[in-house]
Asker: 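Sharing a structure, written as structure tokens. Questions coming.
Lettering follows sequence order; numbering is per chain, from 1.
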Amino acid sequence: MVDIKKIRQNPEDFARRLKGRASRSVIDRIVVLDKSRRENLRIVEDLRARQKKISDSQSARKIKEERRRKEEELKRVSKELNGILSEIPNVPDDDVPEGFEDKNEIIEVSGRVPEEKGPPHWEIGKMLGIVDFETASKMTTSFWPLLKGDGARLEMALINFFIEENAKSGFDQICVPYAVNEKAVFGTGQLPKFADDLYRLENDNLYLIPTGEVPAGNLFRDKIFAEDELPLDFQIFSPCFRREAGSWGKLGKGLVRNHQFHKVEIFSFAKPEESDEKLKNFVSVVCGILEKLGFIYRVVLLSSGEMGFSAARTYDIEVWAKGMNRWLEVSSCSNCRDFQARRTNTRIKRKSGEIVFAHTLNGSSVAVGRVFAALLENNFGENGEVPVPDCLKKFMGKDRIEPFVATSLAN
RNA sequence: GGAGGCGUGGCCGAGCGGUUGAUGGCACCGGUCUUGAAAACCGGAAUCCGUUUGCGCGGAUCAGGGGUUCGAAUCCUCUCGCCUCCGCCA
């Protein structure tokens, strides 16, 4: 949630700093509603004050009646205001480029992109029998993954490797609910604007989490931290569920964009003055993991139009995938500043007594399915084998990925 | 799924129709004492909104919504959450 005072104070400046993320007319509407809300509030409060001072039942009743009428008006205005306000995305940092994909800035490239190409991972996965979308679609619909044999082992190995690496960097592990209520999804900013992307459990009015960020961000709803209790760094392994409505054309092949994928998320609650440094740390943690996997990666500062709703600044980290012959986003690290904390009411009490909203940061460390895909493509050798990177051997318990043959069929 | 109980400030815990935003304890902050710390003693301090240059002033908040009343943390009602017992179950 954006700070209404910033809009009230200087609507022009605010609209400019949003860098095209909301229309000017919406901002103007907020200004009007805000003014109306304050006027009505003043009237209602004045009536309440008068009512409180009167003990004579006749006139008190009269004032009460009038007060209730005004309260209705106040409620109506407040509701519209909050509705609009909750759909305004976060204000990008000043140095975030304005625009869309072509305005993204490549900050760092870790190595030279190889000349040679190879087969895409869906072909490798099918060949080895470890990725099986055909069978998956018999029990569900398209774009849900089914991994078998060493495919399943590799998935788990990656997860365990990521968790171990994040733990070394100081992220405490927590396990979270995979279905959450409406307030929680509002808190991190996926609602109200992006309801179509979420799976909803209608009977219970719960939502399947689209990312571990959602439960993580709601860990300290309505909490006031003492200053020295922060920062807090967590890692959350979870499946992520996304309807991907409206992106059917972009779903593509293989494991790149599915309705379900695994991710280890890193999430921090920080003091405002330390969140910039924290974001840099997130990026270096992710890059460290990708280096150990032997990937070539690049870090991209997203432009205003490419960032998520809650982010003030986002770095995407992409790895080169030899088979698809393209960069593949495997992580997105964002500083949301106080945007989510306003929605979850997560605050800090300074030593001075001042109360401020906490800053929150989130990042993928890392998206499992896409790393799985890149690993198959990048490690696929001419002999048709896929060697396991050193860092994963102890989690895989073997040094190459073998074709899947169900043991019950093998003999 | 059935029966019952409970939700009060950072935490614990009183209050169950009338200056109670709320007694008390712990934790916290400042001070006295001490070489320093602890203990003891004294003092301070809830949050949000509106208004004001500021002191301040007004309003709201005892899970959340609605209601009764001149007046509600206290009564009624619905919703949500937690706990206990029974049933079912990995």
Side-chain angles (χ1 to χ4, degrees), chain A residues 1-11 30-86 88 175-188 191-192 200-209 214-215 217-232 238-239 269-272 338-358:
Chain A
M1 198 76 107
V2 121
D3 185 358
I4 180 87
K5 287 179 197 148
K6 300 253 169 68
I7 301 178
R8 187 186 298 156
Q9 215 170 284
N10 193 338
I30 288 173
V31 172
V32 170
L33 288 168
D34 176 51
K35 197 174 169 208
S36 165
R37 193 196 126 246
R38 277 146 64 217
E39 276 163 7
N40 278 296
L41 181 62
R42 198 170 192 170
I43 293 166
V44 167
E45 286 185 349
D46 184 57
L47 286 169
R48 255 201 286 255
R50 275 163 57 195
Q51 189 190 332
K52 276 170 80 168
K53 286 183 187 124
I54 291 171
S55 51
D56 156 44
S57 62
Q58 277 270 304
S59 32
R61 239 186 238 136
K62 240 178 154 174
I63 292 177
K64 188 155 107 179
E65 221 172 277
E66 193 187 347
R67 197 200 78 206
R68 287 196 169 167
R69 270 205 314 277
K70 292 291 180 188
E71 274 174 348
E72 287 300 312
E73 173 71 2
L74 176 63
K75 220 183 235 176
R76 195 186 60 72
V77 172
S78 300
K79 199 177 167 193
E80 190 187 344
L81 178 61
N82 286 334
I84 297 178
L85 209 55
S86 63
I88 302 288
C175 292
V176 298
Y178 299 152
V180 297
N181 62 30
E182 189 164 356
K183 263 173 91 177
V185 195
F186 178 87
T188 40
L191 282 182
R200 177 157 164 260
L201 306 175
E202 206 170 334
N203 289 344
D204 303 286
N205 199 21
L206 292 172
Y207 296 84
L208 295 183
I209 58 170
V214 177
N218 284 278
L219 240 21
F220 302 107
R221 171 174 289 284
D222 297 322
K223 160 123 183 145
I224 301 180
F225 283 106
E227 195 167 358
D228 51 20
E229 288 178 297
L230 295 184
L232 290 172
S238 81
F269 295 87
K271 286 175 271 189
D338 64 3
F339 188 85
Q340 291 178 327
R342 282 178 188 278
R343 291 175 160 240
T344 58
N345 199 26
T346 304
R347 296 173 292 172
I348 304 167
K349 186 167 201 164
R350 300 283 199 185
K351 293 250 163 63
S352 65
E354 188 195 8
I355 293 193
V356 297
F357 286 100

Asker: Can you tell me if Lys52(A) touches the phosphate of A60(B), counting only side-chain N or O atoms and a distance under 4.0 Å to OP1 or OP2?
Answerer: yes
Asker: Taking the same atom, P, in U20(B) and in C70(B), what whole-Å distance lies between them?
Answerer: 23 Å
Asker: Need the pair for G24(B). Rule: Watson-Crick or G-U wobble, both distances under 3.5 Å, any strand; none if unpaired.
Answerer: C12(B)
Asker: Using a heavy-atom cut-off of under 4.0 Å over every strand shown, decide if Lys75(A) touches base, sugar-phosphate, or nothing.
Answerer: sugar-phosphate
Asker: Using both distances under 3.5 Å as the test, list the Watson-Crick or G-U wobble partner of C55(B), or none.
Answerer: none
Asker: Classify Lys64(A) by what it touches in the nucleic acid, base, sugar-phosphate, or nothing, heavy-atom distance under 4.0 Å.
Answerer: base
Asker: State whether Arg8(A) places a side-chain N or O below 4.0 Å from either non-bridging phosphate oxygen (OP1 or OP2) of G50(B).
Answerer: yes
Asker: Using the P atom on both, measure G30(B) against A38(B) and round to a whole Å.
Answerer: 11 Å
Asker: Got more than 12 heavy atoms from elsewhere within 6.0 Å of NZ, Lys70(A)?
Answerer: no
Asker: Expressed in angstrom and rounded to an integer, what is the separation of Asn40(A) atom CG from U51(B) atom P?
Answerer: 13 Å
Asker: Determine the interatomic distance between P on U61(B) and the same-named atom on G21(B); round to the nearest Å.
Answerer: 11 Å
Asker: Mind calculating the distance between CG (Leu206(A)) and P (C80(B)) to the nearest angstrom?
Answerer: 12 Å
Asker: Quick one: Lys35(A) NZ to G50(B) P, roughly how many Å, whole number?
Answerer: 16 Å
Asker: Expressed as a whole number of Å, how far does the C1' atom of C11(B) sit from that of A27(B)?
Answerer: 7 Å
Asker: Does a side-chain N or O from Arg38(A) land closer than 4.0 Å to OP1 or OP2 of C49(B), or not?
Answerer: no
Asker: Select one nucleotide: of U68(B), A60(B), G50(B), the one nearest the side-chain heavy atoms of Arg48(A).
Answerer: A60(B)
Asker: Consider the side chain of Arg347(A), meaning its heavy atoms from C-beta on, and name the nucleotide among G50(B), G58(B), C48(B) that approaches it most closely.
Answerer: C48(B)
Asker: In whole angstrom, give the distance that lies between atom CD of Glu66(A) and atom P of C70(B).
Answerer: 18 Å
Asker: How is Arg350(A) classified with respect to the nucleic acid when contacts are heavy atoms under 4.0 Å: base, sugar-phosphate, or nothing?
Answerer: nothing
Asker: Give the rounded distance in Å between these two atoms: CZ of Arg37(A) and P of G50(B).
Answerer: 6 Å
Asker: For the side chain of Thr346(A) and the backbone of Ala358(A), is there at least one donor-acceptor N/O pair under 3.5 Å apart?
Answerer: no
Asker: Within the 3.5 Å criterion, strictly below it, is a donor on Arg347(A) or Asn345(A) matched to an acceptor on the partner's side chain?
Answerer: yes
Asker: Write down the distance between NZ (Lys351(A)) and C1' (G44(B)), rounded to a whole number of angstrom.
Answerer: 18 Å
Asker: Look at Gln51(A) and G71(B) and indicate whether a side-chain polar atom (N or O) is within less than 4.0 Å of OP1 or OP2.
Answerer: yes
Asker: With Val77(A) as reference, evaluate Val32(A), Asn82(A), Leu33(A) under the side chain to side chain contact (heavy atoms under 4.5 Å, CB included) test and give the passing residue.
Answerer: Leu33(A)
Asker: Rounded to whole Å, please give me the gap between CG in Asn181(A) and C1' in G64(B).
Answerer: 13 Å
Asker: Evaluate Asn205(A) against Glu182(A) for side-chain contact (heavy atoms from CB on, under 4.5 Å), listing each step before the verdict.
Answerer: CA-CA 7 Å; Asn205(A) 199 21; Glu182(A) 189 164 356; 3.7 Å; yes
Asker: Arg42(A) side chain N/O closer than 4.0 Å to the phosphate oxygens (OP1, OP2) of C49(B)?
Answerer: no
Asker: Exactly one of Leu201(A), Val180(A), Val214(A) should register a side chain to side chain contact (heavy atoms under 4.5 Å, CB included) with Leu208(A). Which one does?
Answerer: Leu201(A)
Asker: Taking C48(B) as the reference, what is the distance to C55(B) when you measure between their P atoms (whole Å, please)?
Answerer: 16 Å
Asker: Given the P atoms of G17(B) and C75(B), what is the spacing between them in whole Å?
Answerer: 7 Å
Asker: Between the side chains of Asp34(A) and Arg38(A), is the shortest nitrogen-to-carboxylate-oxygen separation below 4.0 Å, so that they form an ion pair?
Answerer: yes
Asker: To the side chain of Ile224(A), which of U69(B), U47(B), G50(B) is closest?
Answerer: U47(B)
Asker: Counting only Watson-Crick pairs (N1-N3 plus N6-O4 or O6-N4) and G-U wobbles (N1-O2, O6-N3), all under 3.5 Å, who is the partner of C70(B)?
Answerer: G18(B)
Asker: For U69(B) and U74(B), measure between their P atoms and round to the nearest Å.
Answerer: 16 Å
Asker: On RNA chain B, check which nucleotide each of Lys349(A) and Ile4(A) is closest to and give me the residue with the more 5' one.
Answerer: Lys349(A)
Asker: Looking at U84(B), which nucleotide sits across from it as a Watson-Crick or G-U wobble partner, both distances under 3.5 angstrom, or is there none?
Answerer: A3(B)
Asker: Between Glu72(A) and Arg76(A), is the closest basic N to carboxylate O distance under 4.0 Å?
Answerer: no
Asker: If you check the Ile355(A) side chain, which of U47(B), C70(B), G59(B) turns out closest?
Answerer: U47(B)
Asker: Base of G50(B), side chain of Glu45(A) - is there a donor-acceptor contact under 3.5 Å?
Answerer: no
Asker: In Watson-Crick or G-U wobble terms, both distances under 3.5 Å, what is the partner of G64(B)?
Answerer: C78(B)
Asker: Taking CG from Asp222(A) and C1' from A63(B), how many angstroms apart are they, rounded to a whole number?
Answerer: 10 Å
Asker: Using the P atom as the point on both nucleotides, what is the distance between U77(B) and C82(B), in whole Å?
Answerer: 23 Å
Asker: When you measure from the side chain of Leu41(A), which nucleotide among G50(B), G58(B), G10(B) comes out closest?
Answerer: G50(B)
Asker: Give Arg68(A) one of three labels, base, sugar-phosphate or nothing, depending on what nucleic acid heavy atoms sit under 4.0 Å from its own.
Answerer: sugar-phosphate
Asker: Using purine N1 to pyrimidine N3 plus N6-O4 or O6-N4 for Watson-Crick, or N1-O2 and O6-N3 for G-U wobble, each under 3.5 Å, what pairs with C41(B)?
Answerer: G31(B)
